[in-house]
Number of protein chains: 2
Amino acid sequence: MEPKEFRYLKQCFPSLEQMLYNEILEHGNYLSFDSGAYVVKQGAYIDFLPIILKGVIKLYAEEDGVEFLLYYVQSGDSCILSFNHLFDRKPLQFSAVTEEDTCVLCLPLAKVKEWFIKYPSFSRIIIKDFQRNFEDLLQTAKEFVCLGIEDRLIKYLLHKSRLRNSADIHLSHQTIATDLGTSREVISRITKKLEKDGFLLQHRRHIELVEL
Amino acid sequence: MEPKEFRYLKQCFPSLEQMLYNEILEHGNYLSFDSGAYVVKQGAYIDFLPIILKGVIKLYAEEDGVEFLLYYVQSGDSCILSFNHLFDRKPLQFSAVTEEDTCVLCLPLAKVKEWFIKYPSFSRIIIKDFQRNFEDLLQTAKEFVCLGIEDRLIKYLLHKSRLRNSADIHLSHQTIATDLGTSREVISRITKKLEKDGFLLQHRRHIELVEL
DNA sequence: AGTTTTTGGTGACGTTTATCACCGTTTTCA
DNA sequence: TGAAAACGGTGATAAACGTCACCAAAAACT
């Protein structure tokens with residue numbers, strides 16, 4: 001493992017048992033992804049637990065040919081990418097795509113099960129992360145039901161802005177449409193309206209949120 | 001504890017350590033609910049882990065005045081009602097209503113945390129159940145996005161039918177509408193159409209699915 | 001028995017959203 | 001440099017859905 005990766009590990013999990021660090025060093029596998037890369041694809045079977053050490057990924061679901069964003073997973077707070085394959089061998093029910101350059105630690109499932117019992121700090125992390133994933137998904141589900149596309153777009157833009165800590169969002173209308181599970185024309189019309197409302201400014205492949 | 005409740009416990013968790021059974025006997029609290037009762041309400045803080053020993057409950061979310069069904073939790077496969085309050089003190093993000101007479105075992109959170117580390121069989125159950133809850137929620141979210149109301153209604157009716165193992169569903173249009181987060185008129189129109197299509201027969205407060 | 005509530009049916013209407021068609025501009029790439 | 005692809009804009013149209021208004025039958029209640 002690179003020293004850089006060890007630093008990320010320490011940052012993400014500052015208080016693991018020393019023995020667990022050693023085990024992770026021994027059995028963990030590190031992968032680096034450029035922005036926009038698929039980390040895992042819906043339908044695949046994987047035999048490791050992916051943990052985001054640095055970067056951001058978005059989880060996508062696909063159903064009936066429609067793709068849509070579920071929620072984000074990032075290093076720090078909620079960093080574990082998938083659980084549903086943890087104790088049962090099942091195909092993943094979503095895909096994961098990096099939002100920026102991302103460093104992923106992969107732990108073999110057999111070891112994860114072992115450590116889960118052996119190291120309380122480890123099981124605590126998994127459970128806490130699981131909770132956060134569940135909450136994020138629930139929030140998304142609520143928004144699917146209760147919000148129209150305009151409001152969902154606004155939330156999406158604000159989220160992107162917060163994520164990068166910048167008012168400038170470099171995305172095409174098509175990309176946004178895919179994330180929200182709708183079509184480009186719809187996004188074009190709404191951004192146009194939001195521009196007229198003074199909420200944002202449009203440039204080519206670039207939306208600038210206006211400070212309020 | 002009643003002998004009946006102990007039987008339910010054994011049925012739900014046939015292979016716990018004997019010591020854990022004893023601890024549950026000592027610290028568990030049993031509640032019985034009639035059909036239609038609220039077990040917990042969204043926004044409440046609870047300091048126990050509710051486990052369905054017998055019966056079925058449905059989880060509801062409420063947002064912007066709209067109520068809608070998330071998924072079912074029942075004794076056996078996925079019986080743990082909530083997780084998001086397990087290690088963090090937060091308000092519940094959904095409500096739980098019984099679908100039939102239901103027996104719930106409540107475990108104090110402090111003990112749950114303790115047992116989670118002490119008994120691998122216990123943590124395994126929690127994790128597995130957590131997984132199932134997540135999967136059910138994800139499935140529901142996908143359906144919110146990809147299916148129209150007609151298809152969601154059909155799935156809903158088939159699910160109800162399977163749940164009770166009967167083609168007769170005793171519900172009013174209003175109840176169904178609330179579950180699906182829509183209005184009664186919409187349900188009335190669709191059931192009418194489905195009746196014409198030969199998918200079901202309508203009676204008062206009672207829908208009969210036609211065998212295909 | 002008479003009133004109220006619940007249930008279900010239906011027409012009319014407006015909003016939201018998806019889709020199609022077409023256009024001009026910019027970017028990419030061979 | 002010239003063709004192809006990506007990007008964004010816009011009008012027309014239709015389907016899906018929520019809402020309002022109103023009605024009649026059945027059930028519950030006093």
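Source: prediction; values computed, not measured. Protein chains get the first letters and strands the later ones, always in sequence-line order, with residue 1 at the start of each.
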- Encode nucleotides 10-19 of chain D as B, S and - characters from 5' to 3', where the letter depends on protein heavy atoms closer than 4.0 Å: B to the base, S only to sugar-phosphate, - to neither. BBB----SSB

- In the 5' to 3' direction, the nucleotides of DNA chain C bounding the stretch that comes under 4.0 Å of a heavy atom in chain B are C/dT6 to C/dA12

- Item | Any residue meeting side-chain contact (heavy atoms from CB on, under 4.5 Å) with A/Arg162, in chain and number order, not counting sequence neighbours | A/Leu158, A/His159

- Message: Can you list everything that forms a side-chain contact (heavy atoms from CB on, under 4.5 Å) with A/Lys10? Sequence neighbours excluded, please.
- Response: A/Phe6, A/Tyr21

To the nearest angstrom, how far is [X] atom [atom1] from [N] atom [atom2]?
{"X": "B/His203", "N": "D/dA27", "atom1": "NE2", "atom2": "P", "result": "14 Å"}
{"X": "B/Gln202", "N": "D/dA25", "atom1": "CD", "atom2": "C1'", "result": "15 Å"}
{"X": "A/His170", "N": "D/dG8", "atom1": "NE2", "atom2": "P", "result": "12 Å"}

- Item | salt_bridge(A/Asp101, A/Lys54) N-O dist < 4.0 Å | no

- Item | salt_bridge(B/Asp151, B/Lys155) N-O dist < 4.0 Å | no

- Item | Close residues, residues 152-160 of chain A, relative to DNA chain C [heavy-atom separation under 4.0 Å] | none

Distance check, rounded to the nearest 0.5 Å: [X] atom [atom1] versus [Y] atom [atom2]?
{"X": "A/Arg152", "Y": "A/Asp179", "atom1": "CZ", "atom2": "CG", "result": "10.5 Å"}
{"X": "A/Thr182", "Y": "A/Leu153", "atom1": "OG1", "atom2": "CG", "result": "10.0 Å"}
{"X": "B/Thr191", "Y": "B/Ile154", "atom1": "OG1", "atom2": "CD1", "result": "11.5 Å"}

- Query: Can you name the one residue among B/Glu185, B/Gln202, B/Arg184, B/Arg205 that meets side chain to side chain donor-acceptor pair (under 3.5 Å) with B/His173?
  - Reply: B/Gln202

- Query: Heavy-atom contacts under 4.0 Å between residues 60-68 of chain A and DNA chain D, which residues?
  - Reply: none

- Item | Derivation and outcome, salt bridge (charged side-chain N to carboxylate O under 4.0 Å, His left out), residues B/Asp64 and A/Lys142 | CA-CA 9 Å; B/Asp64 298 333; A/Lys142 287 183 179 181; over 6 Å; no

- May I ask you to check whether A/Thr175 and A/Thr178 show a side-chain donor-acceptor distance below 3.5 Å? no

- Query: Does a side chain donor of either B/Glu135 or B/Gln139 reach within less than 3.5 Å of an acceptor in the other side chain?
  - Reply: no

- Below 4.5 Å, heavy atoms only, C-beta onward: do B/Gln74 and B/Leu163 meet side chain to side chain? yes

- Would you say B/Thr98's side chain and B/Gly36's backbone share a donor-acceptor pair under 3.5 angstrom? yes

